[in-house]
Amino acid sequence: MARQYPLERVRNIGIMAHIDAGKTTVSERILYYTGRVHRLGEVHDGAAVMDWMPQEQERGITITSAATTTVWRDHAINLIDTPGHVDFTVEVERSLRVLDGVIGLFCAVGGVEPQSETVWRQAEKYEVPRIAFVNKMDRPGADFYSVMDEIQNELGANAVPVTIPIGAEERFAGIVDLVDDLAVYYDETDRGLTFREEPMPDALADEVRRWKQYLLERVAEVDESLLDKFLNDRPIGNRELSRAIRAATHKHLVCPVLCGSAFKNKGIQRLLDAVVSYLPSPLDLPPVSGRCLEGEPIERVPKDDGRLAALAFKVVSDRHVGKLVYVRVYSGTLSAGATVLNSTRRNEQRIGRLLRMHADRREPVDALYSGEIGAVIGLSETATGDTLCAPDHPILLQAIEFPAPVLSVAVSVTERKDRERLGLSLARLAEEDPTFVVTTDAETEETVIAGMGELHLEILVDRLRREFGVEVRTGAPQVAYRETMTEPVEVNERLVKQTGGRGQYAHVVIKLEPLGPGRGFEFLNKVAGGRVPREYVPAVERGVTEMMRKGAYAGFPVVDVRVTLLDGSFHEVDSSDMAFRACAAQAFKRGFLKGLPGLLEPVMSVSVVTPEDFSGAVIASLCGRRGTILGMDDRGGAKEVHARVPLATMFGYATELRNTSQGRAVFTMHLERYEAVPFAIAEEIVAARRTRPK
């Protein structure tokens with residue numbers, strides 16, 4: 001089957017915004033007005049096409065990016081609706097990596113909100129051209145011009161209005177198209193499917209004239225041909241202006257701003273016009289760059305008969321078809337049944353079926369052409385970020401960078417029979433989501449899952465139950481405490497057991513001494529005269545180290561102790577390695593408990609970058625977590641707080657910091673050292689360990 005739409009009439013776009021700005025509602029209107037769906041699905045009813053997961057429908061939020069393809073003005077639009085919640089930032093990150101343009105959505109009341117800023121910076125990182133849409137103009141408090149100022153000042157974008165509102169709040173009646181010099185009104189009886197274009201209303205003449213002049217001035221500043229006409233008061237045609245806006249948008253010199261109300265079905269058709277008119281096709285962007293397997297840089301130009309270069313940007317476990325790999329084809333044609341090279345993993349794989357996705361529904365296709373986005377069945381050994389290419393012309397595209405997880409919890413099965421299934425299910429979820437990490441704590445033997453926040457992990461645990469049928473319990477992972485002693489002790493321990501036959505006899509005198517922090521363990525042998533034969537000394541050391549691993553005080557490993565074997569005795573018949581090992585273990589435990597034992601806890605080096613307005617709250621929060629503030633530095637327009645905080649108090653900090661700073665602060669932490677736990681807290685930990693079921 002040949003390509004249906006030429007490459008210059010393909011648009012790969014996404015919608016990004018802060019949570020609750022109306023992304024999915026806008027997506028639903030786009031599908032409705034383009035004829036992709038024939039009835040409107042509302043988010044609050046749990047009926048939105050793009051929010052197909054049960055968890056999305058129940059919570060009314062987008063969790064996973066959903067892809068679809070639709071048509072407007074004879075242009076194919078591949079659309080990805082991304083989540084707005086910061087916990088699912090991975091979906092935004094990998095979507096922006098493969099998109100050619102993006103709609104930045106802003107609430108007319110909330111304006112530039114914390115996650116708006118985050119996703120805008122992500123788009124800047126990937127150099128994705130943007131247009132802005134100010135949604136919810138019907139809401140009380142809606143202010144289009146205030147939001148445009150925020151886009152200009154807080155995001156640093158050269159925001160230029162291409163539509164302005166006619167009224168606001170409950171009086172929002174329609175929009176003025178400043179490029180075509182028309183007023184547009186929407187018919188509410190058919191949900192905005194039909195609209196009428198009229199001359200400018202006289203009441204808005206002055207305002208329209210002012211903003212048209214502003215638009216011309218801003219665009220002329222970045223377009224030489226328009227500047228000459230603008231300065232000499234020569235007329236600028238609508239098509240000429242539109243072409244100039246398009247070129248400046250591609251170069252990131254302007255950001256066209258539109259307005260409307262998706263829920264009230266106003267302004268979406270003009271937004272679709274802007275997507276076609278201003279956002280780029282794959283041909284409008286530079287060739288995709290990569291490197292050959294030897295490391296030399298190479299490029300691929302988007303053309304169907306070119307050398308294949310495609311990027312796997314998402315993996316999904318589908319209960320019906322198995323593993324689905326979403327790909328963006330940058331060059332060449334990806335055909336069903338073809339053999340391709342996964343240059344990231346250096347192995348050849350066969351393409352099974354190819355699909356064009358519509359949220360969770362699939363449409364089989366014979367091929368995916370250059371510039372298209374679709375899904376592949378059959379790539380069992382392909383992961384997110386892998387490059388697929390022609391075996392005889394390998395290329396490695398730039399991989400996708402993902403943030404490290406910030407919150408972890410321990411999980412365990414409620415029934416032992418589910419243990420193996422838990423491991424397989426977690427592996428499949430981790431394959432889908434690069435920000436979801438599964439580890440097993442070697443000390444506590446807990447399975448620990450880590451993600452981007454509490455909601456992220458809550459959703460994943462819910463998926464374990466619903467999709468994989470694994471019932472799990474969750475809880476905070478056990479902190480890896482250590483035990484040590486504070487006073488030297490000498491112990492004389494004798495083991496004598498007679499059971500009728502050969503008995504067990506061992507006698508050791510050992511000295512236990514605390515060492516400095518980080519010194520670990522030392523074992524010295526100072527026995528003279530063969531009172532403890534040389535062959536039994538290793539058994540004494542093994543008995544000590546075994547007890548140190550188990551813990552003599554609270555069941556945590558012992559560190560920073562020196563053990564010296566001073567004296568002892570043996571029996572020619574009843575002594576053995578096993579006897580000396582058991583005797584040494586008893587001696588160590590008894591001596592350790594006499595040596596004023598204490599607990600050590602991992603202390604983290606924490607760095608928080610926060611806007612200055614929230615620095616006081618950040619410092620207070622860290623101090624409340626038993627933290628020590630080490631200093632504060634300037635970092636751009638923000639403050640960087642340095643602290644040392646016990647790990648045990650850092651669980652849940654990511655969520656607290658997000659709430660404290662309106663989502664604008666970020667933190668990193670790493671293990672710095674172990675320090676003594678305050679006595680009262682140590683007693684609570686020991687008591688909890690001793691009452692814990694075995």
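Heavy-atom basis, side chains included; hydrogens, waters and symmetry copies ignored.
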| Quick one: do the His456 and Asp433 side chains pair a donor with an acceptor below 3.5 Å? | yes

| query | Without hydrogens or angle criteria, can the side chains of Asn347 and Asn342 be said to hold a donor-acceptor pair below 3.5 Å? | reply | no

| task | Look at the aromatic rings of Phe592 and Phe588 and report parallel, tilted or perpendicular, splitting at 30° and 60°. | result | parallel

| query | Any Lys/Arg nitrogen of Glu381 or Arg345 sitting under 4.0 Å from an Asp/Glu carboxylate oxygen of the other? | reply | no

| Thr649 side chain vs Pro646 backbone, donor-acceptor pair below 3.5 Å | yes

| field | side-chain hydrogen bond (donor to acceptor under 3.5 Å, both in side chains) evaluation trace for Tyr326 with Arg94 | value | CA-CA 11 Å; Tyr326 283 71; Arg94 58 182 166 196; over 6 Å; no

| Can you find a heavy atom in the side chain of Leu396 that is under 4.5 Å from one in the side chain of Leu293? | yes

| request: State plainly whether the residues Arg531 and Asp567 are in salt-bridge range, i.e. N to O under 4.0 Å. | output: yes

| message | Test side-chain hydrogen bond (donor to acceptor under 3.5 Å, both in side chains) on Gln504 and Ser576; report intermediate values, then the result. | response | CA-CA 7 Å; Gln504 294 186 48; Ser576 64; 5.3 Å; no

| Derivation and outcome, side chain to side chain contact (heavy atoms under 4.5 Å, CB included), residues Thr382 and Gln349 | CA-CA 9 Å; Thr382 296; Gln349 300 180 34; 2.9 Å; yes

| said: Is it the case that over 12 heavy atoms from other parts of the model lie below 6.0 angstrom from the NZ atom of Lys550? | reply: no

| said: To check you understand the geometry: which heavy-atom pair defines the closest contact between Val608 and Ala665, and what is its length? | reply: CG1-CB, 4.4 Å

| request: Verify, without hydrogens or angle tests, whether Ser615 (side chain) and Lys639 (backbone) share a donor-acceptor contact under 3.5 angstrom. | output: no

| request: Could you tell me whether the side chain of Arg419 reaches within less than 4.5 Å of the side chain of Ser412, counting heavy atoms only? | output: no

| Lys323, NZ: over 12 other non-hydrogen atoms inside 6.0 angstrom | yes

| message | Can you give me the closest heavy-atom contact between Val413 and Arg473, atom names plus distance? | response | O-NH2, 3.3 Å

| message | Rounded to the nearest 0.5 Å, what separates atom CG in Leu324 from atom CD1 in Ile377? | response | 5.5 Å

| message | Measuring from atom CZ of Phe313 to atom CG of Asp386, what distance do you get when rounded to the nearest 0.5 angstrom? | response | 13.5 Å

| query | Salt bridge between Glu431 and Arg428, side-chain N to carboxylate O under 4.0 Å? | reply | no

| task | Assess whether atom CZ of Arg542 is packed by more than 12 heavy atoms of other residues, nucleotides or ligands within 6.0 Å. | result | yes

| query | Is the backbone N or O of His571 less than 3.5 Å from a side-chain atom of Asp574, with the two atoms forming a donor-acceptor pair by type? | reply | no

| message | Can a donor-acceptor pair be found, under 3.5 Å and without considering hydrogens, that links the side chain of Ser575 to the backbone of Phe570? | response | no

| request: Run through Lys589, Arg590, His507 and flag the one making a side chain to side chain donor-acceptor pair (under 3.5 Å) with Glu493. | output: Arg590

| query | Heavy-atom distance under 4.5 Å between the side chains of Glu483 and Met548, does that happen here? | reply | no

| Thr484-Tyr674 side chain donor-acceptor pair, cut-off 3.5 Å | no

| Charged N to carboxylate O under 4.0 angstrom, Glu513 versus Arg562? | yes

| message | Do Val438 and Val448 have side chains that approach each other closer than 4.5 Å (heavy atoms only, starting at C-beta)? | response | no

| request: Report the relative orientation of the aromatic rings in Phe580 and Tyr536; use parallel for angles under 30°, tilted for 30 to 60°, perpendicular for over 60°. | output: parallel

| request: Can you run down the salt bridge (Lys or Arg N to Asp or Glu O under 4.0 Å) pairs that involve residues 619-630, sequence neighbours left out, and say none if there aren't any? | output: Glu601-Arg626, Arg625-Glu656

| said: I'd like to check Met485 versus Pro514 (side-chain heavy atoms, cut-off strictly below 4.5 Å). Are they in contact? | reply: yes

| Electrostatic pair Asp577:Arg581 at N-O distance under 4.0 angstrom | no

